[in-house]
Amino acid sequence: MTTDALQNWEKKTKEHRKSYQQFLKRADKNKVLKQLPVLHEEAFEAVDCLTCARCCKNYSPRFKTPDVKRIARGLGLKESVFIDTYLKVDEDGDFVVKQSPCPFLNPDNTCSIYEMRPSDCARFPYTDEDVLIKRPALTLKNSEFCPITYYVLEKLIAGALK
Ligand code: SF4
Ligand code: SF4
């Protein structure tokens, strides 16, 4: 983590959970959406995902039908073989990885299927989408372990207080 804005973020994100909750409940969606592209970019510059990989180590993306088709094809596997080898169905009925860390995570934290990774992985942590506001429970959960989510929430709240 290369910036002062991220100092003690793990401690602070716990302490600030209530204010995140309140902010997400009351936030002006249009105003937030205008701020997100810049904050999203800033956050990805400040945080090196390759030294983190907490998402890939601890949580699974959903593997939607187009993801399964694309990845199975890319790996040269039959869809049924790909599913049997790597995936299970979770409580919401979605395909997810059988176990964490993700089997496609390399030891250096790069992704072995990066170019064809699931759409959830490409979009995570949704800091440039309205999902950030529309799914507050998800955003709060992500703020617990993802410094990019923390960074964006902190900046949004600081901007709203001005
Ligand atoms: S948890 Fe957040 S900061 Fe860490 S690798 Fe995933 S997206 Fe990047
Ligand atoms: S598919 Fe790649 S980006 Fe997605 S969780 Fe697995 S290792 Fe991470």
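Atoms within each ligand, like the ligands themselves, are counted from 1 in listed order.
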Self-check item: Aromatic plane relationship, H40 with F44 - under 30° parallel, 30 to 60° tilted, over 60° perpendicular
Solution: tilted
Can you list, pair by pair, the side-chain donor-acceptor contacts under 3.5 Å of residues 146-153, counting residues two or more places apart and other chains?
unit_1, atom_1, unit_2, atom_2, d
Y151, OH, E42, OE1, 2.6

Quiz prompt | Contacting atoms of ligand 1, where contact means under 4.0 angstrom from a heavy atom of V47 | solution = 3 (S)
Quiz item: With a cut-off of 4.0 Å, which atoms of ligand 1 are near a heavy atom of P147?
Solution: 3 (S)
Practice problem: Mind jotting down which protein residues get a heavy-atom contact under 4.0 Å with ligand 2? Chain and number order, please. | Solution: C56, P61, C102, F104, L105, C111, I113, P118, C121
Exercise. Sequence neighbours left out, what passes side-chain contact (heavy atoms from CB on, under 4.5 Å) with S100? Give chain and number order.
Key: none
Quiz item: Any sub-3.5 Å donor-acceptor pair from K98's side-chain atoms to D84's backbone N or O?
Solution: yes
Quiz item: Can you list the ligand 1 atoms lying under 4.0 Å from a non-hydrogen atom of C52?
Solution: 1 (S), 3 (S), 4 (Fe), 5 (S)
Quiz prompt | Cation-pi check, R117 onto Y114 ring (under 6.0 Å, within 45° of axis) | solution = yes
Per-pair distances, 0.1 Å, donor-acceptor, side chain in residues 132-140, under 3.5 Å, sequence neighbours excluded:
unit_1, atom_1, unit_2, atom_2, d
K134, NZ, D130, OD2, 3.3
T139, OG1, L132, O, 2.7
T139, OG1, R135, O, 3.3

Quiz prompt | Within the 6.0 Å centroid threshold, strictly below: F63 and Y86 | solution = no
